[in-house]
Amino acid sequence: MTEHPSIVNHPTVDQWIQFTDEGRVIVHTGKVDIGQRISTALAIIAAEELDVDYERIDVKPAQTGTAPDEGYTASSMSMQQSGTAIRLASATARRHLLGLAGRLLDADPLELRVEDGVVHCPGHKDKISYWSLAADRPFGIPVDQAVSIKDPGTHVWIGRPVIAKGMIDIVAGKTLFVHDMTLPGMLHARPVRPPCYTAKLTDLDKATVRQLSDDGISVVRDGSFVAVASADEFAAVKAAERIAAAASWTLTSKLPTGDLYDALVSNVRLSRPVTTGGIPVDESVPPLAEPPAEATVTLKWRFEKPYLMHGAIGPSAACALYDEGRLRVYTHSQGIYPLREALAEALQIAPQMVHVVFMPGAGCYGHNGADDAAFDAALIATMIPGRPVLLKWTRDDEHAWEPYGSAMVCELRGSLNSAGRIVDWSHESYGDTFIMGRPAAGRTGSPASKLLSSKFRAVPLEKTPPQPAMGPHVGIHRNLEPLYTLSNPRLVKHLVRGLPLRTSALRTLGAFANVVAIESFMDQLADAAGISPVELRLHHLADNRARHVIQLLADRMETDLSNSPPSRGQGMAFARYKNSAAYCAVGVELEISEKASVRLLHAWIVADAGEVVDPSGLTAQLEGGFIQAASWSLYESVSYDSQGITSRDWESYPIIRFDNVPEVRTLLVDRPGEPFLGAGEAVGGPAGGAIANAIYRASGLRLSQMPFDSHRIRSTALSE
Amino acid sequence: MTKIRLKVNGQLRTTEAEPDTPLVFVLRNQLRLTGTKIGCTSEQCGACTVLVDGKATLSCVRTAREFAGREIVTVEGLSDGETLSSVQQAFVDEGAAQCGFCTPGIVIATTALLNNNAHPTKVDIQKALYPNLCRCGSQGRVLAAIQRLIEGR
């Protein structure tokens, strides 16, 4: 049996499960709930294995010190990591409690039944509650990784729709986001950002600073980092505008504005071949050889994806208090422990003097401005000790300063033999880093140097150029290796230098571009082979679970589309996220309007995420992921000029609105007893691929650059 | 500072703020009604939507003073604190929220739509919710919640 990493690091039941004397159960997790409803899924798992009502389970928001350190809430790993750990801890706790109850009731523990935490002995009047055995008392036992868990046939909570944790507070407006905090003596702060990454503050008008100070507004400065703080929030907003007008900046260099996609394929780069299992190796890249002799058709295809924003609806925020050498930070970061280390390093405080508490923020979908805002708040707090500082970025800050998902280019070449089988495959992906931008140890450069404002302080920390990520399916090469059976595919990742914008982890990392490119190309090959897209995929898939989701999708689309008008186009695409998480096939029906814009009509999602714990939550993640990917595909592209970012609001960076939301039908393939497979990112790539393929079927246009907007459709039509 | 009198959630509230303070800042800070969110301060995202005389209204640009004498309802005012409004309940039943940051604005926009139009068409719904952005992609569940409400009438 492989050791479970979360359990190895946190081996005792008490680190995961706690009974309180109010008749409730607290579940501890290192994962944070960022709208993906992980708390709900974890509570269901604990309810199931403990035999306690789901409503009695409280999942404690993570904070350093009490929560298990499970790194980042990222990469669709929470169910495998925290879900499995809580399942084992709960089953161990149940067995222990039944042992205690058996002794008290003088019964064989195996005979005992549990109903909502009350232990009964059949044929016996006596009963005893878990809480009388365990409330506010430590278990003091290790989690048994070999403990027997419930037979899926007896599940009561797993797979049953429940009201998500926190949902009622959300609709009632009672959820307290970090933005909503108030503490005695709290100041509201706003950063005053430079115009561009490379700007330095050369002058700040002293009279303005003095006037603001006379009005009770603090202006703090550390090199080119400037911020204002005031007891009144709107006064801080206005003061930030005045300081922005009073600041003079100089640009030490300009952003490169040549063609982005030319830069991606021609700049200096670090290239690595990617081998079986999606693992890059430190070897030279094999040259692209001539197609094999048996090839009857060879196609080439290049796909281009722009920089994308996380685009949280609430700009990043954090609250910090620095008092007597101790720093307390409230943040919506995805990684409280890595952030603690980064803050400690940046501010030269011992990590044990830094306490980081997770608070809800707006959905982030990766490494957005959350950690940067936490550092901004902390930095200001150290300059105004003893006062809590609630710092918020503006919409402009969020759009212009968050780390983006990298632009990418994918170049593919594939050959078919006379039987319509793929006999040769090459796929090279070019991009900037996706994972080295996070402020965490074990990634190129120091964690503190990744925090945005580190670069602007009087003693700046410059970022070290990232090295290629070498783990399986991370960064640029996530899902670069297709799940399709291909002999000796040539796979290459290129980490490109000298690109203009700041990048880091955005939902799916490189998988979105890679899967869209692969799935667009599979359709082109299918057409060349004269067979259907479904057939070509099935010819090259040995994995039965993969085949099953594709077949289900094809059947469902055929049934639903029997009367579809010919003006509409339908497309499908498939991927298994990281080739190890959830399987997902997506279908799309759309039409192209007279104004050359894409109107999404219907979508189908078929997913196999292993055992389904929370069907409503899983469906929400899949449908939400589809809509986000549709938005990326049709609308989004970060724009910039030599002076900085120019997409600074929702008009210059549009995202999908309610007028283009298709009717989505989601089919979950439940696999009781099978391991949980992460599903939060499974749908993105197939959604983009299905849209690209449906546009082709509707219009005959094979679009090669996102976003697929009316400009792209017109220019592609004109060039063909 | 100037005195501002507002009728919010059925109560007359008097507070002080600079005369140019947008309504949302007064609601959130002076009146501690933090359910209404700030997403853009430029009327582009809908997170700050409140009901004003029954109509969905953005509160992040227009000053609080402009709303004197008007009937303002925030998300906190939709229910009596015990039971949810029918719109809120439909959102719960359909799981029509993920992170929940945009949700109060969308709940308010939906309430305004259905209060003024018992049987809105698909186009009516799209128009009413067009100002509201949701990045988690809960739009499909929101539309399902609205469908549930229309069918329940």
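Side chains are part of it too, since the values below use all heavy atoms of this structure and drop only hydrogens, waters and symmetry mates.
- The two atoms that bring B:Arg135 and A:His310 nearest to each other are NE-O, 2.8 Å, heavy atoms only.
- Contacts between B:Val142 and chain A at a heavy-atom distance below 4.5 Å involve the side chain alone, from C-beta outward.
- Contact of A:Ala164 with chain B is not made at all, since no heavy-atom distance falls under 4.5 Å.
- Nearest heavy atoms, B:Cys99 versus A:Gly363: SG-N, 3.0 Å.
- In terms of non-hydrogen atom pairs under 4.5 Å with chain B, the most contact-rich of A:Thr394, A:Val664, A:Asp649 is A:Asp649.
- Between the side chain of B:Gln139 and the backbone N or O of A:Val661, no donor-acceptor pair lies under 3.5 Å.
- Among all heavy-atom pairs drawn from A:Ile170 and B:Ala97, the shortest one is CG2-CB, 3.8 Å.
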Carefully, step by step, assess A:Asp232 and B:Asn29 under the rule side-chain contact (heavy atoms from CB on, under 4.5 Å).
CA-CA 8 Å; A:Asp232 180 71; B:Asn29 295 327; 5.6 Å; no

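- When all heavy atoms of A:Asp180 and B:Arg32 are compared, the closest pair comes out as O-NH2, 2.8 Å.
- Highest contact tally toward chain B, considering only A:His188, A:Arg395, A:Arg657, A:Glu651, is held by A:Arg657 [criterion: heavy-atom pairs under 4.5 Å].
- Options A:Ile34, A:Thr175, A:Ile655 differ in how many heavy-atom pairs under 4.5 Å they form with chain B, and the most are formed by A:Ile655.
- Heavy-atom distances place no part of A:Asp169 under 4.5 Å from chain B, backbone and side chain included.
- Contacts between A:Tyr365 and chain B at a heavy-atom distance below 4.5 Å involve the side chain alone, from C-beta outward.
- Of the options A:Gln36, A:Gln621, A:Met167, a side chain to side chain contact (heavy atoms under 4.5 Å, CB included) to B:Gln98 is made by A:Gln621 and by none of the others.
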After noting the C-alpha distance and the side-chain angles of A:Thr182 and B:Arg28, does the key distance pass the side-chain contact (heavy atoms from CB on, under 4.5 Å) rule?
CA-CA 11 Å; A:Thr182 183; B:Arg28 290 176 50 82; over 6 Å; no

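- Here A:His179 is the residue among A:Glu663, A:Lys174, A:His179 with the most heavy-atom pairs under 4.5 Å with chain B.
- In this structure, B:Leu129 and A:Phe658 approach most closely via the heavy-atom pair O-CD1, 3.3 Å.
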Pair B:Asp20-A:Lys238, side-chain contact (heavy atoms from CB on, under 4.5 Å): steps then yes or no
CA-CA 10 Å; B:Asp20 55 348; A:Lys238 287 195 291 183; 3.0 Å; yes

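- Nearest heavy atom pair, residue B:Leu84 against residue A:Ala172, reads CD2-CB, 4.2 Å.
- For a residue to count as touching a neighbouring chain, one of its non-hydrogen atoms must lie under 4.5 Å from one of that chain's; by this rule B:Thr103 touches chain A with the side chain only.
- Between B:Phe101 and A:Phe177, the two ring planes are perpendicular [angle over 60°; tilted spans 30° to 60°].
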